[in-house]
Amino acid sequence: METLLASLKILTLLAAIALILGFIRPVYVLWFLHRNNRLLVLKYYGLPTLIFLLVWLSLEGAMS
């Protein structure tokens, strides 16, 4: 269970870093798409950040 929590923490951190970088300059994280804009950054990295954070917090709350 601790490995799962550590993995979720890492994934949340990486998605949050990509989200911040994408808000600064979308081409840094959306290099694989033809159109790069901040709304797509929010869609591709904001939603996973939120999901990973909610799962992480719910699992951490269930362990204690």
Side-chain angles (χ1 to χ4, degrees):
M1 190 63 140
E2 294 200 16
T3 306
L4 178 63
L5 283 174
S7 299
L8 282 172
K9 288 178 187 179
I10 291 170
L11 286 173
T12 304
L13 182 65
L14 288 176
I17 289 171
L19 183 67
I20 292 168
L21 280 175
F23 279 148
I24 294 170
R25 182 121 184 178
V27 74
Y28 288 158
V29 293
L30 295 178
W31 53 269
F32 52 89
L33 293 177
H34 182 65
R35 290 185 65 187
N36 301 326
N37 60 23
R38 287 171 179 85
L39 188 61
L40 287 175
V41 170
L42 192 59
K43 183 173 122 180
Y44 280 101
Y45 295 101
L47 190 60
T49 301
L50 185 63
I51 290 171
F52 289 145
L53 183 65
L54 290 176
V55 171
W56 168 31
L57 291 176
S58 66
L59 285 177
E60 199 168 74
M63 283 186 60
S64 60

Given a cutoff of under 4.5 Å between side-chain heavy atoms of I, L, V, M, F, W and Y, with clusters grown through shared members, what are the other residues clustered with Ile20? Ile24
Nearest 0.5 Å, what's the CZ-CG distance between Arg38 and Leu19? 11.5 Å
Nearest-0.5 Å distance that lies between atom CE in Met1 and atom CG in Leu59: 5.0 Å
Please tell me whether Leu47 and Leu42 are part of a single hydrophobic cluster in this structure, the criterion being side-chain heavy atoms less than 4.5 Å apart. no
Take atom OH of Tyr44 as the centre, draw a 6.0 Å sphere, and report whether it contains more than 12 heavy atoms from other residues, nucleotides or ligands. no
Across all chains, not counting sequence neighbours, the side chain to side chain contact (heavy atoms under 4.5 Å, CB included) partners of Leu13 are Ile17
Go through the steps for Met63 and Leu5 under the test side chain to side chain contact (heavy atoms under 4.5 Å, CB included), then give the verdict. CA-CA 10 Å; Met63 283 186 60; Leu5 283 174; 3.1 Å; yes
Restricting to pairs with a member in residues 1-17, which pass side chain to side chain donor-acceptor pair (under 3.5 Å), not counting sequence neighbours? none
Residues forming a side chain to side chain contact (heavy atoms under 4.5 Å, CB included) with Asn37, sequence neighbours excluded: Arg35, Leu39, Leu40
Taking every non-hydrogen atom, the tightest pair across Trp31 and Tyr28: CD1-O, 3.7 Å
Do Leu33 and Asn36 pass the side chain to side chain contact (heavy atoms under 4.5 Å, CB included) test, and can you show the C-alpha distance, the side-chain angles, and the key distance before you say yes or no? CA-CA 7 Å; Leu33 293 177; Asn36 301 326; 4.0 Å; yes
What donor-acceptor contacts under 3.5 angstrom involve side-chain atoms of residues 48-55, with partners at least two apart or in another chain?
{"from": "Thr49", "atom 1": "OG1", "to": "Ala15", "atom 2": "O", "distance (Å)": "3.4"}
{"from": "Thr49", "atom 1": "OG1", "to": "Tyr45", "atom 2": "O", "distance (Å)": "2.6"}

To which residues is Ile10 joined in a hydrophobic cluster, defined by side-chain heavy-atom contacts under 4.5 Å among Ile, Leu, Val, Met, Phe, Trp and Tyr, whether direct or through other members? Leu14
